[in-house]
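Below: the structure, in structure tokens.
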Amino acid sequence: MSVPTPSSAGAGAGSASLRGIPVSPGAVAGPVARLAAPPRLPEVQPQVTDVDAEERAARAALADVADDLEARAAGANKTAADVLTAQAMMVRDPELANRVDQSIRGGMAAPWAVNAAFGTFRDLLASLGGYLGERAADLDDLRDRVVARLLGLPMPGLPDPGHPYVLVAEDLAPADTASLDPAKVVAILTERGGPTSHTAILARSLGVPAVVACTHVLDLEDGVNVLVDGSSGVVRIDPAADEVTAAVEAARRAREEAASVSGPGRTADGHAVKLLVNIGGLGDLDAAAAADSEGVGLFRTEFLFLDKGTEPSVEEQRDAYARVFTAFAGRRVVVRTLDAGADKPLAFAAMADEPNPALGVRGLRTSRHLPDLLERQLVALAQAAKDSEATVWVMAPMVSTPAEAGEFTRAAREHGLSVAGSMVEVPAAALRAKPVIEHCDFLSLGTNDLAQYTFAADRMLGELADLLDPWQPALLELIGRTAQAGGESGKPVGVCGEAAADPLLAPVLVGLGINSLSMAAVALNPVRAALAKLTLAQCHTLAEQALAASDAASARELVAAAVREWTSAASTE
Ligand code: PEP
Ligand code: MG
């Protein structure tokens, strides 16, 4: 059996092009800079024969790392410069150097001695908790830098070559990307990751072209020029100048066409479909609020706290939520309570080691162990909502049963949060959508996880991306079943997973009975333009065709052919 997998068009780096899964549209060219993994100490520690030389090497590595941080501080804005200068001071701490020397004199080689010394300080800070406890992770980064220097390995973390670059990585963790600046990172290429991975979600939210599951991409050397096409998934190596110009121009035209329609989403015959934005941290808040949307369809609250070692206080949470509600005054904001666990680990909500975290105590299930965590979040949300002009809805992630849905709705209402719903991202909830929705005011389909659990395919595994394709008829059937429960009960059902951001799939979702689509701000215009070209009856026909298809590829082809035919007929009328 042949399984469709992303493939490289050539033999690897040095060939003309690579191919992966396109996850964020746009075309851009730039030099490659790779995200280096943290260094690993070799398994066997070498015997120290020259203690003085070992001490000198350790001190030189510490000084080099501090010099580098200070040099970067000199060219950074005030906030970043303060952070970098403080980090340089930590590396220059004489007590740290003394501990390194002591360990070397005790027989350790320099990289091991540095590792041990940083470890002692890290444990000390972590034990203090609070703000200082959170700085423990900074020490890990500094330790990795000094160890990498001693082992002759590339510096870990986001590269900083001093010019805009195409970021190449095996995959990106949410924490790697917190400080990613789209002015520096012009495109993202990863070897792993699928269409629903956080790399894909982040790239779309930043409007940075991205290709994931791109085999051989790690073979590309730093500095090699590449042309990334985030719409086709093709990565051209050392492209000719006219090829770059043509690709960038075509991407610009596509953007312009999409921008030609504005206002609330509707089909050609006026059927309303709410178009909403997905937001994570506060970094993308201004851009999201400025986008032409009717509000927020998914506020991923856990993204605010991914780097926190301890639970943020009710006041801290309230202030963060209030900023979002203020930015969206007069519009709807659907807040998802903390979805901790699996691909979104929160240090303060971590469970004991689980063999399969994606199937473990995550999302709403976290409140089985930590009921007060949800309680405090609801208190903070209610306080922020009380003084706000936004229409605040709350929903729980990873709901599996009607009882769980009911329990969450009851808790939300007790706190005065009057509109409460559940995410449908577990097949059981979709199959039993009718009894689930009886306990809710609305449902929102998280198609990223729904695909993962329907196909038993890890959403982070690029290798299984074909199974995670949102066009899979089995997934569409579960979406249709959920939407039908909404239609019968007169309650709204939306999609807030990445499926909503596909302009070809959006009319199919509307045809299945979905009332709102929530996506990264950059996807709004293409989706709005796609809906405006078709009537509701045409959307129904597309939904029937997609459901009747035997696989994802033929569903997509059938729908694309029908849309082409209708829109070209309309343009010649
Ligand atoms: C989803 O699973 O589709 C979803 C919207 O939530 P997340 O991607 O944050 O898990
Ligand atoms: Mg999810």
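Remember, it's 1-based here, ligands and their atoms both numbered in the order they're listed. This structure is a prediction, so every number in the text was calculated from the model and none was measured. Counting from 1, the numbers follow the sequence of the chain as shown.
In terms of N/O distances under 3.5 Å, ligand 1 is approached by Arg300. Polar contact check, Asp343 against ligand 1: no nitrogen or oxygen pair lies under 3.5 Å apart. No N or O atom of Arg362 sits closer than 3.5 Å to an N or O atom of ligand 1.
For the residue pair Asp469 / Gln472, no side-chain donor-acceptor distance below 3.5 Å is found, with atom types taken as modelled.
The pair Arg204-Glu498 meets the salt-bridge criterion, with a side-chain N (NZ, NE, NH1 or NH2) lying under 4.0 Å from an Asp/Glu carboxylate O.
Closest approach of Val166 and Val186 over heavy atoms only: CG2-CG2, 4.0 Å.
Of all protein N/O/S atoms, those lying under 2.8 Å from the Mg ion (ligand 2) come to 2.
Under 4.0 Å from ligand 1, the heavy atoms of Leu298 that appear belong solely to its side chain. At a 4.0 Å heavy-atom cut-off, ligand 1 does not touch Met398 at all. No part of Glu498 comes within 4.0 Å of ligand 1, judged by heavy-atom distances.
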Next item on the list: Begin from the C-alpha positions of Leu35 and Leu158 and carry the test side chain to side chain contact (heavy atoms under 4.5 Å, CB included) through to its verdict.
Entry: CA-CA 5 Å; Leu35 178 95; Leu158 281 182; 3.8 Å; yes

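Of all atoms in ligand 1, listed by their number and element, those nearer than 4.0 Å to a heavy atom of Thr447 are 3 (O). Using a 4.0 Å cut-off to heavy atoms of Glu425, the atoms of ligand 1 that qualify are 1 (C), 2 (O), 4 (C), 6 (O).
With sequence neighbours left out, Phe442 forms a ring pair (Phe, Tyr, Trp, His ring centres under 6.0 Å) with Trp393.
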